[in-house]
Protein chains: 2
Amino acid sequence: MNIEIASRQLEALGNPTRLTLYRTLVRAGRGGLPVGHVQERLDMPASTLSHHLKRLVAAGLVRQERAGTSLICHAEYPAMDALLGFLTDECCADECCAEEGRNRGDA
Amino acid sequence: MNIEIASRQLEALGNPTRLTLYRTLVRAGRGGLPVGHVQERLDMPASTLSHHLKRLVAAGLVRQERAGTSLICHAEYPAMDALLGFLTDECCADECCAEEGRNRGDA
DNA sequence: AGGCTATTTCCATGAACATCGAAATAGCCT
DNA sequence: AGGCTATTTCGATGTTCATGGAAATAGCCT
């Protein structure tokens, strides 16, 4: 993980439509969801959805798997974990945070 | 926390310059860092830095405190925690994730 | 092959973003 | 007030993004 990848992933999530889309996939769990199903659920034009989905895939946050004419979309949980870890990673590293109220591990 | 706020915060972090800036503040810990200090450390024009900082403040991820002519910037840790929580929040909610490999609480 | 469904790519348009120099402001100190 | 430092706002420019209709592609099925 590095700044380039992390910022690209955060940017991908930093749009209401895409964040909603991503959360829909996160909620869907490991089974994933076909594109068409997502489209119905979120009620948006197919081309718009496809663009956003492409961004999420390019960022490595979503994986797609073909199943006949449908494409199943899955949230890439490990990627999300890595991203979350990166954000809290070196918290207070320049200060050596020793107080209990605010550490990176808990909460 | 809601989609609007979360996506705004993620968007704020979704830029390499701003993410670097934010991480610098996260590393700095509760003591914070004056704008000028950040500027020297990241070596960027003051106006550019100011714009990015404003975005982070507007997103609620950074707090600023005046100290004489300097402005001390702090990472808002609670906001980060809330955001991170939001991302993993309803993981698999539509599927009832019961397997051990992938839950929202751990890791 | 022909038809059908699912999804993507092409294209265009308006909006928002990133960057940074120059000028303006805020706050101290004498 | 005058001068000094720290930081922000203004203004301008080029870039990227968001959106969605229309056309193209992918993959099945008969």
Side-chain angles (χ1 to χ4, degrees), chain A residues 3-25 28 31-76, chain B residues 3-25 28 31-76:
Chain A
I3 290 279
E4 295 304 322
I5 293 177
S7 68
R8 189 178 174 88
Q9 293 183 333
L10 290 164
E11 182 191 37
L13 296 174
N15 168 281
T17 304
R18 259 186 328 259
L19 183 55
T20 302
L21 166 53
Y22 180 69
R23 274 170 65 81
T24 299
L25 295 180
L33 227 46
V35 175
H37 207 142
V38 175
Q39 187 196 344
E40 277 177 20
R41 193 171 297 195
L42 300 181
D43 189 32
M44 63 169 57
S47 66
T48 302
L49 174 58
S50 184
H51 281 306
H52 286 308
L53 224 25
K54 194 157 87 169
R55 283 283 285 276
L56 289 171
V57 170
L61 290 168
V62 166
R63 180 175 34 91
Q64 288 179 317
E65 236 170 15
R66 224 175 228 297
T69 57
S70 297
L71 262 184
I72 316 288
C73 307
H74 310 260
E76 280 275 32
Chain B
I3 291 278
E4 296 303 323
I5 293 177
S7 68
R8 190 177 172 90
Q9 293 183 334
L10 289 164
E11 181 190 37
L13 296 174
N15 168 281
T17 303
R18 263 191 319 265
L19 183 55
T20 302
L21 166 53
Y22 180 69
R23 275 171 62 82
T24 299
L25 295 180
L33 228 46
V35 175
H37 207 143
V38 175
Q39 188 196 344
E40 278 177 18
R41 194 173 295 195
L42 300 181
D43 189 30
M44 63 168 58
S47 65
T48 302
L49 174 59
S50 184
H51 280 304
H52 286 307
L53 224 25
K54 194 156 90 168
R55 284 283 285 276
L56 289 171
V57 170
L61 290 168
V62 166
R63 179 174 36 90
Q64 288 179 317
E65 237 171 12
R66 224 175 228 294
T69 57
S70 295
L71 262 184
I72 315 290
C73 307
H74 311 259
E76 280 275 33

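The sequence lines fix the lettering, A, B, ..., with proteins before strands; numbering per chain opens at 1. Fair warning: this is a prediction, and the values are worked out from it, not measured in the lab.
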(Q) Using side chain to side chain contact (heavy atoms under 4.5 Å, CB included), reason through A:Arg41 and A:Leu33 one step at a time and then give a plain yes or no. (A) CA-CA 10 Å; A:Arg41 193 171 297 195; A:Leu33 227 46; 4.1 Å; yes

Q: Report the distance from atom CG of B:Leu33 to atom P of D:dT7, rounded to the nearest whole Å.
A: 10 Å

(Q) From CG of B:Leu71 over to C1' of D:dT9, roughly how many Å is that when rounded to an integer? (A) 14 Å

Q: May I ask you to verify if any side-chain N or O of B:Arg18 is less than 4.0 angstrom from the OP1 or OP2 atom of C:dC17?
A: no

Q: Find which nucleotide of DNA chain D each of A:Gly68 and B:Ser50 is nearest to by heavy atoms, and output the residue with the more 5' nucleotide.
A: B:Ser50

Q.
In this structure, how many angstroms lie between the C1' atom of C:dT9 and the CD atom of A:Gln64, rounded?
A. 14 Å

Q: Would you mind telling me which of D:dA26, C:dC28, D:dT7 lies closest to the side-chain atoms of B:Thr69?
A: C:dC28

Q) Which is true for A:Ser70 with a 4.0 Å heavy-atom rule: it touches a base, it touches only sugar-phosphate, or it touches nothing? A) sugar-phosphate

Q) Between D:dA18, C:dG27, D:dA22, which nucleotide has the shortest distance from any of its atoms to the side chain of B:Arg66? A) C:dG27

Q | Nearest-Å distance for atom pair CG/C1', residues B:Leu21 and C:dA18 | A | 14 Å

Q | Separation of atom CD in A:Glu40 from atom P in C:dA6, rounded to whole Å | A | 9 Å

Q) Of the nucleotides D:dT7, D:dG20, C:dT19, which one has an atom closest to the side chain of A:Ser47? A) D:dG20

Q) What is the distance from CD of B:Glu65 to P of C:dG27, rounded to the nearest Å? A) 14 Å

Q.
Taking the side chain as everything from C-beta on, heavy atoms only, tell me whether B:Leu61 gets closer than 4.5 Å to B:Glu76.
A. no

Q: Whole angstrom is fine here: how far is it from CG in B:Asp43 over to C1' in C:dC20?
A: 13 Å

Q: Between C:dA18, D:dG21, D:dA26, spot the one nearest the side chain of B:Asn15, thanks.
A: C:dA18

**Q.** Given D:dA18, D:dT8, C:dC17, the nucleotide with the shortest approach to the side chain of B:Arg55
**A.** C:dC17

(Q) So, OP1 or OP2 of C:dT19: does either fall under 4.0 Å of a side-chain N or O from B:His52? (A) yes

Q) When rounded to the nearest 0.5 angstrom, what distance separates CG in A:Asp43 from CG in A:Leu49? A) 11.0 Å

(Q) If you define the side chain from C-beta out and look only at heavy atoms, does anything of B:Leu56 sit under 4.5 Å from B:Leu13? (A) yes

Q: May I have the step-by-step check of side chain to side chain contact (heavy atoms under 4.5 Å, CB included) for B:Gln9 and B:Ile5, ending in yes or no?
A: CA-CA 6 Å; B:Gln9 293 183 334; B:Ile5 293 177; 4.0 Å; yes

Q) Under 4.5 Å between any side-chain heavy atoms of B:Met44 and B:Leu21, yes or no? A) no

Q. Base, sugar-phosphate, or nothing: which does B:His51 touch, judged by heavy atoms less than 4.0 Å apart?
A. base

Q | Per B:Pro45 side chain, nearest of listed nucleotides C:dT7, C:dC17, C:dC20 | A | C:dC20

Q. D:dT15 P sits how many Å from A:Glu11 CD, rounded?
A. 17 Å

Q | Watson-Crick or G-U wobble partner of C:dT9, both distances under 3.5 Å | A | D:dA22

(Q) Check the phosphate of C:dT9 against A:Lys54, side-chain N and O only, distance under 4.0 Å to OP1 or OP2. Yes or no? (A) yes

